[in-house]
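Shown next, in structure tokens, is the structure this report addresses.
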Amino acid sequence: MPNGMAATSRPEDERPRNTASCPQPSIEPFGPPSETDMKVLHMTSVIRQYTKKLPGNVLNRVERVGNRLPHPFILFLYMAVAIAILSLIASLAGATVIDPKSQEQVDIQNLLSADGLEFALTTMLDNFLSFPPLGLVIVMLLGVGLANQVGLLEIAFKAIVVRASPRMLTFVVIFVGIVSNIASESAAIVIPPLAAMLFLAVGRHPIAGLAAGFGAVGAGFSANFIVAGTDVLLSGITTSAAGIVDSSVVVTPVSNWYFMSASTLILTIVGVLITEKVVEPRLGPYDGSGSDRDNSEFLITADQRRGLRNAGLVALLYAAVVIALVAPPNAALRGEDGSIITSPFMDSLVPIIFLFFVSVGITYGIAVGTITSSSDVPKLMIESAKDLAGILVLVFAVAQTIAYFQWTNLGLWVAVQGSGLLEALDVDGVVALIMLSLVTIVLSLVISSGSALWAVMAPVFVPMMMLHDVNPAYAQLAYRIADSSTNMLVPLSPILAVALGYIQKYDKRAGVGTVFALMIPYAATFYLIWMLQFVVWTVFGLPIGPGEYLN
């Protein structure tokens with residue numbers, strides 16, 4: 001689910017909007033709807049009915065617009081056709097643009113010409129295979145997917161939350177919820193209901209636990225100490241968009257790492273305050289009606305505990321080996337000049353993360369019996385690779401569209417015109433980035449897939465910001481802040497149905513309005529605090545990632 005990793009929906013994007021982690025209705029003739037399917041369909045119907053009654057029908061309009069949008073793959077095909085038509089019109093009109101890098105005048109090239117047709121056909125495979133995030137995302141999903149398939153991530157998060165003292169319970173729930181975007185398949189399904197049961201067990205309102213879990217998993221998505229699939233996917237899209245202006249610019253998976261690591265702690269503290277000072281007092285005392293005090297979810301078996309212990313030991317050993325290869329001045333993975341920022345270590349970061357998850361995943365799997373032979377490892381990887389289908393389909397269309405945008409020089413023309421507009425408005429880099437985040441909030445209410453939305457926005461806004469002397473990594477960061485904050489406010493998100501189902505376990509009268517009322521404090525406060533952190537970070541000239549500054 002985790003604004004996580006399929007590119008067509010939030011769970012596959014490693015975000016809460018991804019439908020892979022949510023129960024999905026089966027489709028005939030592949031099988032009759034299950035009881036879970038019918039519950040999800042019922043919740044979706046309730047959502048539609050409720051949104052029609054909201055003042056001003058704002059959410060109803062959002063739903064209507066969103067429902068009219070085609071699948072992201074088709075959306076990008078339409079965009080490719082639009083680029084072709086616009087290139088024909090601009091070419092016939094003799095449109096030109098000054099390349100800011102070479103200061104030479106370049107013409108808008110016609111994609112519908114003989115040369116354009118040759119380019120489209122001869123580069124189709126290269127556009128797809130060389131698309132920056134493709135290989136990185138595949139490798140990351142195989143590693144994280146293995147750890148998820150054996151059950152390591154779910155049990156690890158459960159063990160952390162269950163062991164929290166009553167005094168630290170809210171802090172641990174918020175913290176684990178935020179960092180759990182690494183486990184997109186499990187985060188929104190495991191953390192919130194577990195938090196509700198723990199809150200109830202210590203005499204607190206269980207819906208406050210649900211709110212804390214969903215608020216952290218949803219609005220806090222993107223923040224993490226660990227490089228996740230979202231970092232890999234979005235940085236690849238940003239790199240491709242930056243190539244419209246300068247093909248030498250590379251945005252890496254760690255380009256936002258410093259900022260997102262600090263955000264994890266800041267948002268955790270903010271989330272605790274929201275839960276204990278706003279959400280919980282508003283809910284009042286819990287009368288226990290409609291609750292089911294089933295504590296079986298708290299149980300962690302002896303095999304699972306042994307698996308966690310063994311995986312933890314392997315993780316420490318792995319970390320020690322990596323440190324030994326990087327920390328010493330003449331270490332093998334340092335650069336020739338002794339640098340870490342430009343070094344083999346940074347170039348091999350994704351493979352290092354992949355091997356880490358494979359190592360701890362296999363260790364845990366052997367301990368709990370989910371891996372009994374070497375052949376089980378590739379089988380589990382194949383199972384996790386099913387999540388790649390949505391990414392591969394979307395990336396194919398995105399790669400072609402961005403390539404056409406670049407070849408026709410329409411991307412460069414739009415960037416130059418947009419940069420000129422920002423100069424005319426006398427808008428500096430920080431204000432321009434805030435404007436980008438506000439545009440993201442509006443569009444994210446219609447396009448629920450985080451990676452698909454950035455694939456639409458990046459080719460326009462990244463080059464524009466670059467010509468305005470703004471590092472593309474900052475444009476990506478401004479987008480991520482806004483996109484993550486809105487995760488739990490998207491009317492079309494299937495996670496709303498899941499959240500409502502969990503809440504109704506403790507309050508039969510709850511409706512979708514209950515979900516929005518619980519989530520708005522997290523969404524609004526997270527966005528404001530996150531953007532304040534972003535502005536302060538930028539004003540003080542702090543790097544948002546290794547070697548990444550505003551200009």
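Source: prediction; values computed, not measured.
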Nearest heavy-atom contact between A228 and M140 is C-CE, 3.7 Å

Quiz question: by atom type and distance under 3.5 Å, do the side chains of T123 and N127 form a donor-acceptor pair? yes

Quick one: pull up CE in M435 and CZ in F461 and give me the separation to the nearest 0.5 Å. 8.5 Å

Over 60° means perpendicular and under 30° means parallel, so classify the ring planes of F526 and Y522, tilted if in between. perpendicular

Side-chain touch F357/L142, heavy atoms, less than 4.5 angstrom: no

Would you say the side-chain atoms of S261 pair up with the backbone N or O of W257, donor to acceptor, closer than 3.5 Å? yes

Ignoring hydrogens and angles, tell me if any N or O in the side chain of Q400 forms a donor-acceptor pair with the backbone of M124 under 3.5 Å. yes

If you define the side chain from C-beta out and look only at heavy atoms, does anything of L453 sit under 4.5 Å from Y479? yes

Which atom of A458 lies closest to which atom of I237, heavy atoms considered: CB-CG2, 3.9 Å

Closest non-hydrogen atom pair between I353 and V227, with its separation: CD1-CB, 3.5 Å

G215 and M519: which non-hydrogen atoms are nearest, and at how many Å? N-SD, 3.8 Å

How many angstroms lie between atom OG1 of T238 and atom CZ of R480, to the nearest 0.5 angstrom? 9.0 Å

Do we see a donor-acceptor contact under 3.5 Å between the side chains of S384 and Q149? no

Output for pair (I371 CD1, I366 CD1), nearest 0.5 Å, gives 6.0 Å

Tell me, with the steps shown, if Y527 and S437 meet side-chain contact (heavy atoms from CB on, under 4.5 Å). CA-CA 10 Å; Y527 174 74; S437 75; 2.7 Å; yes

Side-chain heavy atoms of V272 within contact of I269, under 4.5 Å: no

Checking the side chain of R334 only, and the main-chain atoms of V326 only, is there a donor and an acceptor separated by less than 3.5 Å? yes

Shortest non-hydrogen pair, P463 vs A415, comes out as CB-CB, 3.4 Å

Q476 and N256: side-chain donor and acceptor closer than 3.5 Å? yes

Measure from the side-chain N and O atoms of W407 to the backbone N and O of L111, and report whether any donor-acceptor pair falls under 3.5 Å. no

Compare all side-chain heavy atoms of F534 with those of Y474 and state whether any distance is below 4.5 angstrom. yes

Without swapping roles, check the side chain of D231 against the backbone of V254 for a donor-acceptor pair under 3.5 Å. no

What's the verdict on side-chain contact (heavy atoms from CB on, under 4.5 Å) for L265 and F225, showing C-alpha distance, side-chain angles and the deciding distance? CA-CA 9 Å; L265 292 177; F225 294 113; 3.9 Å; yes

Please check this pair: side chain of S247 against backbone of G243, looking for a donor-acceptor N/O pair closer than 3.5 Å. no

Mind checking the CG-CG spacing from L325 to L333? Nearest 0.5 Å is all I need. 5.0 Å

Non-hydrogen atoms of I174 and A212 that approach each other most closely: CD1-O, 3.5 Å

Indicate whether the side chain of T252 and that of S255 have a donor and an acceptor atom separated by less than 3.5 Å. yes

Apply side-chain contact (heavy atoms from CB on, under 4.5 Å) to the pair M260 and L477, showing each step before the final yes or no. CA-CA 9 Å; M260 286 303 183; L477 181 55; 3.5 Å; yes

Can you check whether D99 reaches L412 side chain to side chain, under 4.5 Å on heavy atoms? yes

For T370 and Y364, does a side-chain donor sit closer than 3.5 Å to a side-chain acceptor? no

Check whether N471 reaches the backbone of Y549 with its side chain - one donor and one acceptor, N or O, closer than 3.5 Å. yes

Check whether T264 reaches the backbone of N224 with its side chain - one donor and one acceptor, N or O, closer than 3.5 Å. yes

Stepwise, does the side-chain contact (heavy atoms from CB on, under 4.5 Å) test hold for I160 with V172? CA-CA 8 Å; I160 295 173; V172 173; 3.9 Å; yes

Value for CD1 (I481) from CH2 (W530), rounded to nearest 0.5 Å, stands at 6.5 Å

So, T239 side chain and V251 main chain: donor-acceptor pair closer than 3.5 Å or not? yes

Atom pair CG (L153) and CG (N148), whose distance is rounded to the nearest 0.5 Å: 5.0 Å

Are F119 and Y404 side-chain neighbours, meaning at least one heavy-atom pair lies under 4.5 Å? yes

Can a donor-acceptor pair be found, under 3.5 Å and without considering hydrogens, that links the side chain of Y318 to the backbone of I352? yes

Going by atom types only, do T486 and S444 share a side-chain donor-acceptor pair under 3.5 Å? yes

Side-chain heavy atoms of N310 within contact of V360, under 4.5 Å: no

Within the 4.5 Å heavy-atom criterion, are L392 and L134 side-chain neighbours or not? yes

